[in-house]
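To keep things clear, I will list the structure first and then write my remarks on it.
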Amino acid sequence: MSAEAAITAGDLRLAFGEGASEVVALDGVDITLRRGELTLLMGPSGSGKSSLLSVLSGLVRPDAGRLEAMGRDVTVMNDRQRTGFRRDHCGFVFQSVTLFPALTAEQQIAMPLEYLGYDRSKARAIARERLEEVGLGARRGHRPGQMSGGENQRVAIARMLAKSPDLIFCDEPTSALDGENGALVANLLKEASRSYSAMVFCVTHDHRLEPHADRVIDIADAQIVSERPGGAVS
């Protein structure tokens, strides 16, 4: 497993509002995330979890601090450059699965690849490979309404993996799933960190993910308060 740093950040600060109504979301956060590792960020609601994910992924610019990802200074990028950086390097998995109701599982993956410039036959071949990877090869012709919530989440993961991202960001990917499907998704994320040498950063309340993680970071009141090893399965 690689120990190469994918993201290094120091003294990150982010606030919303002004004056008496100001809410501090991040207050001097330092963090390093490495390729080949699944890192969990845990903490109570309002602690700064989603804000940190948004800053580290380039969705939101911090008010202060340094942020380097894939050897590039993200804080000096303009909006267009950050959008390009996310397109080229980042994959996202969210709690709410955003699949198109009219498209089959294979089409959900192939169409974005065609948009990125892949020819149709190559895009479909990659889609089939990724569906096999998440255990849904036999469901490639099914639409979201014909599959369970857990299966749809796995299609979303397959779609994310199709472009072989370096940086994978997950926001509560298992909170809506039962134990069996939650474990399947957690294992897929762990395998993605290994197979793609990807950094996987997962915001979660779900303690069922801890046995799959390499590290668990706790955040409270906009600051990182502790870090501990996960129970990662090799």
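Numbering starts at 1 and runs along the sequence shown.
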Does the side chain of Ser121 pick up a donor-acceptor pair with the side chain of Asp119 at under 3.5 Å?
yes
ILVMFWY cluster, Leu188 and Leu167 together (side-chain gap under 4.5 Å)
no
Return yes if some donor-acceptor pair links the side-chain N/O of Arg86 with the main-chain N/O of Gly58 below 3.5 Å, else return no.
yes
Would you compute the distance between atom NE2 of His142 and atom CZ of Arg140 and round it to the nearest 0.5 angstrom?
11.5 Å
In this structure, CG of Asp171 is separated from OG of Ser54 (nearest 0.5 Å) by 7.5 Å
Can any side-chain N or O of Ser195 pair as donor or acceptor with the backbone N or O of Ala192 at less than 3.5 Å?
no
Leu99 side, atom CG; Glu151 side, atom CD - distance, nearest 0.5 Å
11.5 Å
Going by side-chain contact (heavy atoms from CB on, under 4.5 Å), Met199 matches just one of Leu38, Ile168, Asp166, Ile7. Which one?
Ile7
Could you check whether the rings of His89 and Phe85 sit parallel, tilted or perpendicular, using 30° and 60° as the cut-offs?
tilted
Find the distance between CZ (Arg208) and CG (Asp206) and round it off to the nearest 0.5 Å.
4.0 Å
Determine, using the 4.5 Å side-chain heavy-atom cutoff (strictly less than), whether Phe92 and Met160 are members of one ILVMFWY cluster.
no
Show the numbers, then the answer: is there a salt bridge (Lys or Arg N to Asp or Glu O under 4.0 Å) between Lys49 and Glu172?
CA-CA 10 Å; Lys49 298 189 304 298; Glu172 301 288 359; 5.1 Å; no
Between Gln108 (side chain) and Leu103 (backbone), is there a donor-acceptor pair under 3.5 Å?
yes
Do the side chain of Thr174 and the main chain of Leu177 share a donor and acceptor less than 3.5 angstrom apart?
no
Do the side chain of Gln81 and the main chain of Asn78 share a donor and acceptor less than 3.5 angstrom apart?
yes
Find out whether Thr75 and Arg66 are in side-chain contact, i.e. whether some heavy atom of one side chain is under 4.5 Å from a heavy atom of the other.
no
Answer yes if Leu33 and Val216 sit in the same cluster of Ile, Leu, Val, Met, Phe, Trp and Tyr residues linked by side chain heavy atoms under 4.5 Å apart, and no otherwise.
no
Would you check if Val24 and Arg13 make a side-chain contact, meaning some heavy-atom pair closer than 4.5 Å?
no
Could you tell me the separation between the OG1 atom of Thr8 and the CG atom of Leu67, rounded to the nearest 0.5 Å?
7.5 Å
Hey, is the main chain of Pro112 close enough, under 3.5 Å, to the side chain of Lys163 for a donor-acceptor pair?
no
Return yes when atom CG of Asp30 has more than 12 non-hydrogen atoms of other residues, nucleotides or ligands closer than 6.0 Å, and no otherwise.
yes
Mark yes or no for whether Asp73, through its side chain, and Glu68, through its backbone, hold a donor-acceptor pair below 3.5 Å.
no
Smallest heavy-atom separation, Pro165 atom then Gly91 atom, equals CB-N, 3.6 Å
Taking all atoms of both residues into account, what is the closest heavy-atom pair of Arg194 and Gly36, and its distance?
NH1-O, 3.6 Å
Could you go through the side chain to side chain contact (heavy atoms under 4.5 Å, CB included) check for Leu56 and Ile31 one step at a time?
CA-CA 10 Å; Leu56 295 179; Ile31 191 169; 4.1 Å; yes
Criterion side chain to side chain contact (heavy atoms under 4.5 Å, CB included) on Leu41 and Leu53, from CA distance to verdict
CA-CA 9 Å; Leu41 182 68; Leu53 183 148; over 6 Å; no
Just to verify, which of Val134, Val97, Leu131 counts as forming a side-chain contact (heavy atoms from CB on, under 4.5 Å) with Arg154?
Val134
Is there a donor-acceptor pair under 3.5 Å between the side chain of Lys122 and the backbone N or O of Glu114?
no
Are Leu161 and Met70 grouped together when hydrophobic residues (ILVMFWY) are joined by side-chain heavy atoms under 4.5 angstrom apart?
no
Does CD in Glu180 sit with more than 12 non-hydrogen atoms of other residues, nucleotides or ligands closer than 6.0 Å?
no
Rounded at 0.5 Å granularity, tell me how far CD in Glu227 sits from CZ in Arg215.
4.5 Å
Could you tell me whether the side chain of Pro173 reaches within less than 4.5 Å of the side chain of Leu189, counting heavy atoms only?
yes
Find out if a path of hydrophobic residues (ILVMFWY) with successive side-chain heavy-atom gaps under 4.5 Å connects Leu136 to Ile157.
yes
Can you name the residues that form a side chain to side chain contact (heavy atoms under 4.5 Å, CB included) with Ala162, not counting sequence neighbours?
Ile109, Leu113, Ile126, Arg130
Which heavy atom in Leu26 sits nearest to a heavy atom in Gly48, and how many Å separate them?
CD2-O, 3.7 Å
Around atom CE of Met111, are there more than 12 heavy atoms of other residues, nucleotides or ligands at under 6.0 Å?
no
For a side chain to side chain contact (heavy atoms under 4.5 Å, CB included) check, start with the C-alpha distance between Asn187 and Glu191, then their side-chain angles and the critical distance, and finish with the verdict.
CA-CA 6 Å; Asn187 193 58; Glu191 289 299 322; 4.1 Å; yes
Ignoring hydrogens and geometry, is there a side-chain-to-backbone donor-acceptor pair from Arg143 to Ala102 under 3.5 Å?
yes
Close side-chain approach of Met147 to Gln153, heavy-atom, < 4.5 Å:
no
Checking Arg120 side chain against Ala110 main chain: does a donor-acceptor pair fall under 3.5 Å?
no
Step by step, would you call Lys190 with Val200 a side chain to side chain contact (heavy atoms under 4.5 Å, CB included)?
CA-CA 8 Å; Lys190 181 201 71 175; Val200 182; over 6 Å; no
Check whether any side-chain heavy atom of Met42 sits under 4.5 Å from a side-chain heavy atom of Leu209, and report yes or no.
no
